[in-house]
Amino acid sequence: MEHTQLLHGGDYNPEQWLDRPDILEQDLQLMKKAHVNVVTLGVFSWSLLEPEEGVYHLDWLADIIHRLYQHGIHTILATPSAARPAWMAKKYPEVRRVRPDRVRELYRRRQNYCYSSPLFREKVRAVDEQLARRFGQDPAVILWHISNEMGGDCHCPLCQAEFRRWLQHRYGSLEALNKAWNSRFWSHDFSDWEEIESPAPQGEDCLQGLTLDWKRFVSDRHIDFFRFERDVIRAIVPQAKFTANLMYRFHDIDYHDLARELDVVSWDNYPTWHKATETVEQTALDTAMMHDLFYSLKGKPFLMMESSPSFTNWQPVSKQKRPGVAMLSALQAVAHGSDSVCYFQWRASRGGEEKFHGAVIGHDGREDARPFRETAQVGAALEQLAPATGTSRPRQAAIVHDWPNMWALEGSAGPRNAGLGYWKELACHYNALARAGITVDFVGQDSSLEGYGLVVVPMLYLLREEFAQKLCDFARQGGTVVVSEWTGVVDESDLCWLGDTPHGLTRLLGLRRTEIDGMYDGEFRRCLPVEGAVPALPATRAGVLCEVAALEESDPAQVLLTYTEDYFAGCPAVAVHRFGQGRAYYLASRFEPKFYDALYASLTREAGLQPASPWPLPKGVLATRRDGLLFLQNCNDSPVSVSGVELPGYGTAVWADRDGSLQRLL
Ligand code: GLA
Ligand code: ZN
């Protein structure tokens, strides 16, 4: 997929309007006015593509693709596998998913097929081949979009059998499996593969090795299904490029694994703007964290495949984006590495689940309505930002975010079963770095750490031996590492590491964990800086989990902050340790935001990381870099001025580096 312009458009579902040629004609006219250059077609078109088993109707789709193309609009073509027709679900029950309680679903909703069913795969193959043969060589089609928002799990007999095969492949023997799951506890040793079942509410739900492996297996199944569909098309269209649309803080699939199979990552971005409990800047940071994650999955530009120009209808309360926020949110995606701004959906449905979901064109069909006007403005701005297309981002800091770790951490009983706040922990570090204008990537334990100056390791409970080694090597060669509480506790089977912890990091950190104490919500322990400690950090409060650590006898860490309350008063709350050419920071607990701001201000300076903006920024203004470009975004609803430039409320300004100076692009 080659493009020299940022893509602008989105999900187009004309199958709802085939009896209204006047509306289809208006769509085309309005797309031109909104500077749309791409649409995604076919995501949920199966019942029209194959109304009866084996009878395919593709002409309507060909007509639409070609009419759009004549007007300069390309197509991202989706496979229809996410939602199967009713006839199939009725005739072939095995395509319907079985819930964790072992009840097979009736025909309902979408994204709930059995990914193991050979029959379902055959049906998908047949329709995908039709699409590939008809449109594979079509210059209008620039990218293939496999399925839609893959996720969930199926507990049917076919999936149980696949799970057992997967376990046999992973462990080789029941002996090895029993050992990895420590199943002797409560006498749960398995003596036959057939005894093993997926977790269930009325069945096994606390053998944590089993639960973790089930999550790995489900993730692998989705990826296998993706690969299957991709390869069906690739066999007919060898040059085809593929994406899948990923989701916010998504649990079910290890996106590091999935990304290896994709040509381009895309994701669906639906922040809850204007929450009662959050400023626009906070929502922007939360969203930025996701954009950065999706950029990092392949270390290259991604696509924002869906977003709403106005509001969604599935959040507890549907709030309209205030004037200007659609632009802020669209350009934020670009600032963080997206090569597109796309919406769901182009025209609002008349009926069904999503009739009140914000669309570019509403039920009134008016082009003077705010969502349309703002979308057209975004389209014009994206044309001005064409130089951003395909540009990469500097490598500065990395935060470790690993799916198996998240699964194991959240699946374990203790030391806090409510409100562990894994994502909050990530946000503590991310927000401070992002506010300081540092480019942040998210890496997994298999990722390379090359090129980064700083690696943050938040709550890496499941820490693999090789990764601990990688962190030590990184610091030895001059990198800075930050390790938070509850790191290095278990191995990849969720078996507790024996001996001193954080496993593999005690020499790096110059200390070891001796205890961990859970705090109730709202319960804190005061921490004060040690006099004369460098860097000087502010007093703060520790909450959620308080680790107690003891310094190593030889080559101990230097303590920066100590707890001043409870039986662990005087123990290190924050410490730093020189290691080789670099250093490692240890944070024993979760602290207040101002602490992280101070910590990262100091250690990014120390690590020589350049902030994105050459100018000091007013509160609520965020700065981001893509190579050769600087973006400043004002998250306040009132104007601010930066280096003589007036940024309106929710405004964005973009500069290009030209011959060593910054020239205004937008
Ligand atoms: C997801 C789906 C779309 C639509 C939107 C609504 O992202 O992919 O089909 O349901 O949510 O927000
Ligand atoms: Zn199944």
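For ligands, and for the atoms within them, numbers begin at 1 and follow the listed sequence. Side chains included, hydrogens not; waters and symmetry mates left out as well; all remaining heavy atoms used. Predicted model, so just to flag it, every value in this text is computed and none were measured.
Under 4.0 Å from ligand 1, the heavy atoms of His357 that appear belong solely to its side chain.
Considering Phe228, Tyr113, Tyr115 in turn, Tyr115 is the only one that fulfils the ring-ring contact (aromatic ring centres under 6.0 Å, His included) rule with His222.
Angle SG(Cys159) to the Zn ion (ligand 2) to SG(Cys114): 110° [nearest 10 degrees].
Of the N or O atoms in Trp314, one or more lie within a sub-3.5 Å distance of an N or O in ligand 1.
With 2.8 Å as the limit, His155 does not count as an N, O or S neighbour of the Zn ion (ligand 2).
Within the 6.0 Å centre-distance limit, the rings of His291 and Trp267 are counted as a close aromatic pair. Taking the centre of each ring, His256 and Trp403 come in below the 6.0 Å mark. Within the 6.0 Å centre-distance limit, the rings of Phe217 and Phe163 are counted as a close aromatic pair. Ring pair His336/Tyr295: centre-to-centre distance not below 6.0 Å.
Close contacts between ligand 1 and Phe44 involve ligand atoms 9 (O) [criterion: under 4.0 Å to a heavy atom]. Here is the list of ligand 1 atoms found below 4.0 Å of a heavy atom in Asp268: 7 (O), 8 (O). Proximity to Asn148 (heavy-atom distance under 4.0 Å) selects the following atoms of ligand 1: 2 (C), 8 (O), 9 (O). Close contacts between ligand 1 and Glu149 involve ligand atoms 1 (C), 2 (C), 7 (O), 8 (O) [criterion: under 4.0 Å to a heavy atom].
When Gln111, Arg110, Glu353 are ranked by how near their heavy atoms come to atom 9 (O) of ligand 1, first place goes to Arg110.
Between Phe120 and Trp46, the angle of the ring planes lies from 30° to 60°, which puts this pair in the tilted group. Taking the six-membered ring where the residue is Trp, Phe250 and Tyr255 present parallel rings, their angle staying beneath 30° rather than reaching 60°.
Ranking protein heavy atoms by distance to atom 3 (C) of ligand 1, first place goes to Glu306 OE1, 3.3 Å. The nearest protein atom to atom 10 (O) of ligand 1, hydrogens excluded, is given as Glu354 OE2, 2.5 Å; this is a heavy-atom distance.
Lys298 places a side-chain N or O within 3.5 Å of a backbone atom of Ala259 that can act as its donor or acceptor partner.
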